[in-house]
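Below, all heavy atoms of this structure are taken into account, side chains as well, without hydrogens, waters or symmetry copies. Just so you know, ligand 1 is whichever comes first in the structure, and atom 1 is the first atom listed for that ligand. Position 1 is the first residue of the sequence, and the numbers go up from there. This is a predicted model, so every value here is computed, not measured.
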Amino acid sequence: MQIGGVQKTSLLDFPDKISAIVFTQGCNFRCGYCHNPELIVLRNEPAWTTAGFFEFLETRKGKLDGVVITGGEPCLQNDLIDFVKDVKSMGFLVKLDTNGTFPDKLQKSLPYIDYIAMDIKAPLNKYSEITRVNVNCENIQKSIDIIMNCGIDYEFRTTVLKSQLTFGDFEKIGELVKGAKKYYLQKFVASKTLDENFMNEKTYSNKEFEKILSLLNLYINNVILRM
Ligand code: SF4
């Protein structure tokens, strides 16, 4: 695994669990608002070796419930499946974050995953615009179908920038993930971005979010605004 960083403890990233977070290096998207720009391009030297991470994990047995694997895009890692197997075999739960572009790898990892979080970047017709790469949207659709039918706990989530997603786009997203168990809207907050022009971007007002929530509630019962 190309590990770009480790957060040793988190109370927020794995619902109802105390976890450690592994940040993998490399992403196939180039979202302008990305707040982990240092993880997007592969560096020559990973920040942590895989062996070093497992040594650390050994010391956290009985203290942590699980491990969150995020990125970057974890499914780009050649040895992801072996990695999640090894984490599970140590008795930890595993949460996988993904952008949904690798449905085959997602499918293969399912036996070792306890929670999946998939980004929904936009309605399918705007995926390439928002991610700034050519996206095979059949793969996005496949990943959504896999997640909604696999029986594992999951969430979909969207980072919301006012300039990128219109009210009409949220209706299309609602159709795309109709019947989803949980869908989070994440307010964009400018702190660090891949494209520095995005530091001036804004999210919607609370009143506008109320309208977005009511549009999405036509398709999804459990829509949550994440601050
Ligand atoms: S925000 Fe976009 S570019 Fe950044 S890690 Fe996530 S999918 Fe990749």
Distance-only donor-acceptor pairs under 3.5 Å for side chains of residues 15-27, two or more places apart:
| from | atom 1 | to | atom 2 | distance (Å) |
| --- | --- | --- | --- | --- |
| T24 | OG1 | T70 | O | 3.1 |
| Q25 | OE1 | R43 | N | 2.9 |

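Listed by chain and number, the protein atoms of type N/O/S under 2.8 Å from atom 4 (Fe) of ligand 1 are C34 SG; waters are omitted.
In terms of hydrophobic clustering, with Ile, Leu, Val, Met, Phe, Trp and Tyr side chains grouped at heavy-atom distances under 4.5 Å, L161 and V135 are assigned to different clusters.
Side-chain atoms of D145 never come within 3.5 Å of backbone atoms of K142 as a donor-acceptor pair (strictly under, hydrogens ignored).
Between K105 and E73 there is no salt bridge, since none of the side-chain N atoms of the basic residue sits less than 4.0 Å from a carboxylate O of the acidic one.
At the top of the distance list for atom 6 (Fe) of ligand 1, counting protein heavy atoms only, stands K121 NZ, 3.8 Å.
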Pair D65-K95, salt bridge (charged side-chain N to carboxylate O under 4.0 Å, His left out): steps then yes or no: CA-CA 11 Å; D65 303 310; K95 171 177 178 265; over 6 Å; no
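Of all heavy-atom pairs between R132 and F198, the closest is NH1-CE1, 4.0 Å.
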